[in-house]
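First up is the structure itself, then whatever we jot down about it.
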Amino acid sequence: MKRVVITGMGAVTPIGIGVHEFWNSILQNKVGIDVIQNFDTADYKAKLSAEVKDFDAKRYLEAKMVKRMDRFSQFAAVAAKEAVEDSGLQVEQEDCYRFGVSIGSGVGSLMGIEREYDKLLAKGAGKMHPLTAPLILGNMAAANAAMLFGFRGKCLDVVTACATGTNSIGEAFQSIRHGEADVILAGGVDSSVSRFGVGAFQALTALTTSEDPMCASMPFDRRRNGFVTGEGAGVLVLEELSHAKKRGACIYAELGGYGATCDAYHVTTPLPDGSAAARAMSIAIEDAGITPDQVDYINAHGTSTVYNDLYETRAIKEAFGKAAYRVHINSTKSMIGHTFAAGGAIELITCVQSIKEGYIHPTVGLTEDDPECDLDYTKGEGIHMPVHIAMSNSMGFGGHNAALVVKEYAE
């Protein structure tokens with residue numbers, strides 16, 4: 001099978017637009033959680049979110065294109081543009097049918113649905129935006145990225161709830177490995193900090209009711225009581241190795257392994273013993289041709305819910321055995337909240353940056369140990385150390401589990 005490398009990255013996050021700004025915020029332990037600005041929360045118990053601040057798509061894209069995209073598609077297009085520019089690809093010199101897109105969105109545009117439904121009720125169907133359908137459909141993030149660059153290979157919108165970004169990257173990885181494409185823009189995006197979105201998760205009692213941004217998203221902490229809704233996008237350029245070398249690309253890291261399983265257990269609760277999530281990790285490790293003790297760092301799904309963090313801990317113990325107590329673990333969601341489909345992609349970017357910079361950020365907000373979560377979650381301060389191999393985990397409602405292994409690139 002062909003080798004797959006990462007040659008470009010783009011991000012839109014609650015702590016920075018662009019990978020450089022995002023990573024600088026990571027180095028500063030910046031928390032992007034604040035009072036919800038998108039709507040009035042007077043009737044809501046959940047008051048906090050991790051929204052993208054000061055975002056204006058017209059700074060990055062042509063105004064005409066922006067008008068044809070809702071917020072989530074704009075996020076994806078901006079992240080994709082940064083990733084392609086970062087990669088140095090000369091798209092006009094390539095076979096556009098060998099270039100694809102795999103950018104998933106969990107829900108499309110809930111904001112757009114709310115906006116147009118309000119118009120429908122208030123003024124009738126005739127007042128709805130003529131582009132309502134293409135504005136709200138989840139596949140439009142991938143479609144708009146493809147249109148932006150003229151990529152005519154496979155264009156996918158993988159939807160596996162909160163595992164969407166990781167599955168999207170994993171499926172793109174497999175496509176390149178098996179010779180279906182030379183380059184694929186892969187990642188995830190969501191923007192659902194809306195009345196309906198927050199209300200739905202609140203009804204499920206999945207959200208924290210904390211009103212203190214620093215004590216809201218606390219993965220693996222004894223006090224954790226729910227996740228914080230977030231929004232954003234992460235996109236990576238995955239490229240077949242010989243194609244990247246031929247054009248003299250800067251190679252950030254090599255994507256080495258991918259594993260995916262399903263709990264087949266419950267619509268929201270993971271398998272209590274973590275066995276299916278553990279299998280996804282084990283598959284990814286075997287796929288990468290390594291052993292558990294070679295993994296330096298795991299970017300956990302780490303949502304700050306009671307069950308997820310406990311069951312993910314059990315899964316890591318099963319997959320890693322004794323090495324579970326040696327590997328460094330953290331959760332980027334402690335700073336950016338739960339960005340849903342974007343999470344796995346942003347977290348893989350974090351893994352790549354950790355390999356590049358030799359730094360593992362702390363799980364910010366983790367101060368009180370949970371005796372049942374007894375692994376090394378990078379409490380307190382970040383760690384400066386060589387990171388040769390990292391893993392990123394994602395888990396989604398419905399029992400979707402996905403894991404990616406990324407390696408320091410070597411000839």
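As the structure is a prediction and not an experimental result, all values here were calculated from the model. Along the sequence shown, residues are numbered consecutively beginning with 1.
With sequence neighbours left out, the salt bridge (charged side-chain N to carboxylate O under 4.0 Å, His left out) criterion links R279 to no other residue. Listed by chain and residue number, nothing satisfies the ring pair (Phe, Tyr, Trp, His ring centres under 6.0 Å) test with Y297 (two or more places apart in sequence, or in another chain).
For F201 and F227, the distance between ring centers is under 6.0 angstrom. Remark: aromatic rings of Y359 and H361 are distant, center separation not under 6.0 Å. In summary, the aromatic rings of F151 and Y97 are positioned with their centroids too far apart to meet the 6.0 Å limit.
A donor-acceptor contact closer than 3.5 angstrom links the side chains of Y252 and D86. Between E240 and S242, the side chains place a donor N or O and an acceptor N or O closer than 3.5 Å (distance only, hydrogens not considered). For the residue pair D293 and T291, a side-chain donor N or O sits within less than 3.5 Å of a side-chain acceptor on the partner. For the residue pair S275/D273, the side-chain donor-acceptor check at 3.5 Å is satisfied. Residues T363 and N330 have side chains that never bring a donor and an acceptor to within less than 3.5 angstrom of each other. The closest side-chain donor-acceptor pair between S394 and T166 falls under 3.5 angstrom.
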### Message
Show, in sequence, the C-alpha distance, side-chain angles and deciding distance for K245 and E411, and conclude whether the salt bridge (charged side-chain N to carboxylate O under 4.0 Å, His left out) test is met.
### Response
CA-CA 11 Å; K245 291 174 70 173; E411 290 286 347; 3.0 Å; yes

### Pair V228-L207, side chain to side chain contact (heavy atoms under 4.5 Å, CB included): steps then yes or no
CA-CA 6 Å; V228 176; L207 302 183; over 6 Å; no

### Message
Please determine whether side chain to side chain contact (heavy atoms under 4.5 Å, CB included) holds for the pair Q174 and R177, giving the CA-CA distance in whole Å, both sets of side-chain angles, and the decisive distance to 0.1 Å.
### Response
CA-CA 5 Å; Q174 295 287 39; R177 260 182 149 182; 3.3 Å; yes

### Task
Determine, stepwise, if the pair T332 / N299 fulfils side-chain hydrogen bond (donor to acceptor under 3.5 Å, both in side chains).
CA-CA 7 Å; T332 304; N299 192 300; 2.8 Å; yes

### Task
Before giving the answer on side chain to side chain contact (heavy atoms under 4.5 Å, CB included), spell out for K317 and D374 the whole-Å C-alpha distance, their side-chain angles and the decisive distance to 0.1 Å.
CA-CA 10 Å; K317 289 179 181 179; D374 58 349; 2.7 Å; yes

### Message
Determine whether F39 and Y44 satisfy the following criterion, ring-ring contact (aromatic ring centres under 6.0 Å, His included), listing intermediate values before the conclusion.
### Response
CA-CA 10 Å; F39 62 92; Y44 288 74; 5.0 Å; yes

### Task
For D95 and R152, run salt bridge (charged side-chain N to carboxylate O under 4.0 Å, His left out): C-alpha distance rounded to whole Å, both residues' side-chain angles, the deciding distance at 0.1 Å, then the answer.
CA-CA 9 Å; D95 178 355; R152 292 185 174 178; over 6 Å; no

### Evaluation steps, side-chain hydrogen bond (donor to acceptor under 3.5 Å, both in side chains), between S210 and T208
CA-CA 5 Å; S210 172; T208 182; 4.7 Å; no

### Message
Run D34 and E51 through side chain to side chain contact (heavy atoms under 4.5 Å, CB included) and show every step you take.
### Response
CA-CA 8 Å; D34 207 339; E51 294 170 279; over 6 Å; no

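Between the OG1 atom in T313 and the CG atom in D370 there is a gap of 8.0 Å [rounded to 0.5 Å]. Here the CG atom belonging to N393 is positioned 5.0 Å from the CD atom belonging to E312, to the nearest 0.5 angstrom. Separating the CZ atom in F196 from the CG atom in L110 is a distance of 6.5 Å, to the nearest 0.5 Å. Separation of atoms CD1 (I316) and CD (E318) is listed at 12.0 Å; rounding is to 0.5 Å. For the atom pair S392 OG and I298 CD1, the distance stands at 10.0 Å (nearest 0.5 Å). Note: S25 OG to M335 CE = 9.0 Å, rounded to the nearest 0.5 Å.
For E357, the CD atom counts as densely surrounded, since its 6.0 Å shell holds more than 12 non-hydrogen atoms of other residues, nucleotides or ligands. Shown here is E62, whose CD atom has no more than 12 heavy atoms of other residues, nucleotides or ligands within 6.0 Å. Other residues, nucleotides and ligands place no more than 12 heavy atoms under 6.0 Å from the NZ atom of K67.
Using a 4.0 Å cut-off between charged side-chain N and carboxylate O, R71 and E231 make a salt bridge. At a threshold of 4.0 Å, the pair E408-K356 does not count as salt-bridged, since none of the basic side-chain nitrogens sits closer than that to a carboxylate oxygen. Ionic pairing of R223 and D221 is present here: one or more N-O contacts between side-chain nitrogen and carboxylate oxygen are shorter than 4.0 angstrom. Ion pairing between a basic and an acidic side chain is recognised when a charged N comes within 4.0 Å of a carboxylate O; R326 and D376 show no such pairing. For R224 and E368, the salt-bridge test fails: no basic side-chain N is under 4.0 Å from an acidic carboxylate O. Ionic pairing of D309 and R222 is not present here: no N-O contact between side-chain nitrogen and carboxylate oxygen is shorter than 4.0 angstrom. At a threshold of 4.0 Å, the pair D182-K2 does not count as salt-bridged, since none of the basic side-chain nitrogens sits closer than that to a carboxylate oxygen. Using a 4.0 Å cut-off between a side-chain N of Lys or Arg and a carboxylate O of Asp or Glu, K154 and E180 qualify as a salt bridge. Salt-bridge check for K407 with E254: failed, with every basic side-chain N at 4.0 Å or more from each acidic carboxylate O. Salt-bridge annotation for R195 and E114: present, with a side-chain N of the basic residue lying under 4.0 Å from a carboxylate O of the acidic one.
With K333 contributing its side chain and H301 its backbone, the two residues share a donor-acceptor pair below 3.5 Å. Side chain of S191 to backbone of F72: no donor-acceptor contact under 3.5 angstrom is found. Checked by atom type and distance alone, the side chain of T209 never pairs as donor or acceptor with a backbone atom of A46 at under 3.5 Å.
Applying the side chain to side chain contact (heavy atoms under 4.5 Å, CB included) test between F340 and each of T229, V189, V107 identifies T229 as the sole match. For the pairing with Q294, the side chain to side chain contact (heavy atoms under 4.5 Å, CB included) check across I389, V405, I285 returns one residue only, I389. Under the side-chain hydrogen bond (donor to acceptor under 3.5 Å, both in side chains) test applied with R247, the options Q90, E94, E239 reduce to a single match, E239.
Taking each heavy atom of A172 and A186 in turn, the nearest pair found is CB-CB, 3.8 Å. Contact between A244 and V5 at its shortest, heavy atoms only, is CB-CG2, 3.9 Å. When all heavy atoms of A390 and V387 are compared, the pair lying nearest together is CB-CG1, 4.4 Å. Between A403 and A280, the shortest heavy-atom distance links the atoms CB-O, 3.9 Å. Taking every heavy atom of both residues into account, L135 and S109 meet most closely at O-CB, 3.9 Å. Closest of all the heavy-atom pairs between A319 and P292 is O-CG, 3.8 Å.
In this structure, Y258 and F173 have perpendicular ring planes: the angle between them is above 60°, well past the 30° mark.
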